[in-house]
Amino acid sequence: MKQNRLSFGIINGVAAILAATSVFLPWLDSVEAIRIDFIRLVSTEAVDPTDSILFSIAVAIFVGAFLTLMGAIFASKYLTIVGWIINLGVLALWITMTAMYAAPNSFGVGNFQAGVWVMIASLILTLVSIFIHTKIKNKPTEKTEPAAK
């Protein structure tokens, strides 16, 4: 039981670090997540890259990574799930909006750079840790039966 809880914490901690690290790596065309404006994810108009981290998608990713890390520290599946949903939402919105603005033949999985792949790895690790935590909670307790006479 303690080993599974430790595994949950370690995997969540690594996933949170990976998510936070992905912000500083290039996502597409050598543009880091720090320079991707959050407005771009919810706007239908083209937006220039931002110079302020406060208006970038990095803030949402940091919030998701922080919640994932808190889930690791407090062994909370619910904090981990909220962090996972935030990071998954940011990644899905970024992919959708980037695909909308890209030329039909110029956007594909091969165009993703290290930041996107590190974020995907973080999401997969977080999902694995959630399944480990579910396994911990749903493990049946062993009852000892009285010895036969």
With the 4.5 Å side-chain cut-off for hydrophobic clustering, are [X] and [Y] part of the same group?
X: Ile85; Y: Tyr78; value: no
X: Phe66; Y: Leu79; value: yes
X: Leu69; Y: Phe62; value: no
X: Leu91; Y: Ile81; value: yes

Taking only distance into account, with no hydrogens and no angle test, what donor-acceptor pairs under 3.5 Å do side-chain atoms of residues 114-129 form with protein atoms, sequence neighbours excluded?
unit_1	atom_1	unit_2	atom_2	d
Trp117	NE1	Phe112	O	3.4
Ser122	OG	Ala15	O	2.7
Thr126	OG1	Ser122	O	2.8
Ser129	OG	Asn12	OD1	2.6
Ser129	OG	Thr126	O	2.7

Do any side-chain atoms of residues 18-28 form donor-acceptor pairs under 3.5 angstrom with protein atoms, and if so which ones, sequence neighbours left out?
unit_1	atom_1	unit_2	atom_2	d
Thr21	OG1	Ile17	O	2.6
Ser22	OG	Ala19	O	2.7
Trp27	NE1	Ser22	O	2.8

Nearest heavy atoms of Asn87 and Ala60, plus distance in Å
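Scanning both residues completely, I find the closest heavy atoms to be OD1-O, 3.9 Å.
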Counterpart residues, side chain to side chain contact (heavy atoms under 4.5 Å, CB included), relative to Ile86 (two or more places apart):
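Once residues adjacent in sequence are excluded, the partners of Ile86 under the side chain to side chain contact (heavy atoms under 4.5 Å, CB included) criterion are Val63, Leu67, Val82.
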Side-chain (His133) to main-chain (Ala75) donor-acceptor, under 3.5 angstrom
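Indeed, once roles are kept as given, a pair shorter than 3.5 Å links the two residues.
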Quick one: [atom1] on [X] to [atom2] on [Y], what's the gap to the nearest 0.5 Å?
X: Ile130; Y: Thr134; atom1: CD1; atom2: OG1; value: 7.5 Å
X: Thr80; Y: Met70; atom1: OG1; atom2: CE; value: 10.5 Å
X: Thr68; Y: Ile73; atom1: OG1; atom2: CD1; value: 11.0 Å

Results of ring-ring contact (aromatic ring centres under 6.0 Å, His included) for Trp84 - residues two or more places apart only:
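Trp84 satisfies ring-ring contact (aromatic ring centres under 6.0 Å, His included) with no residue once adjacent residues are dropped.
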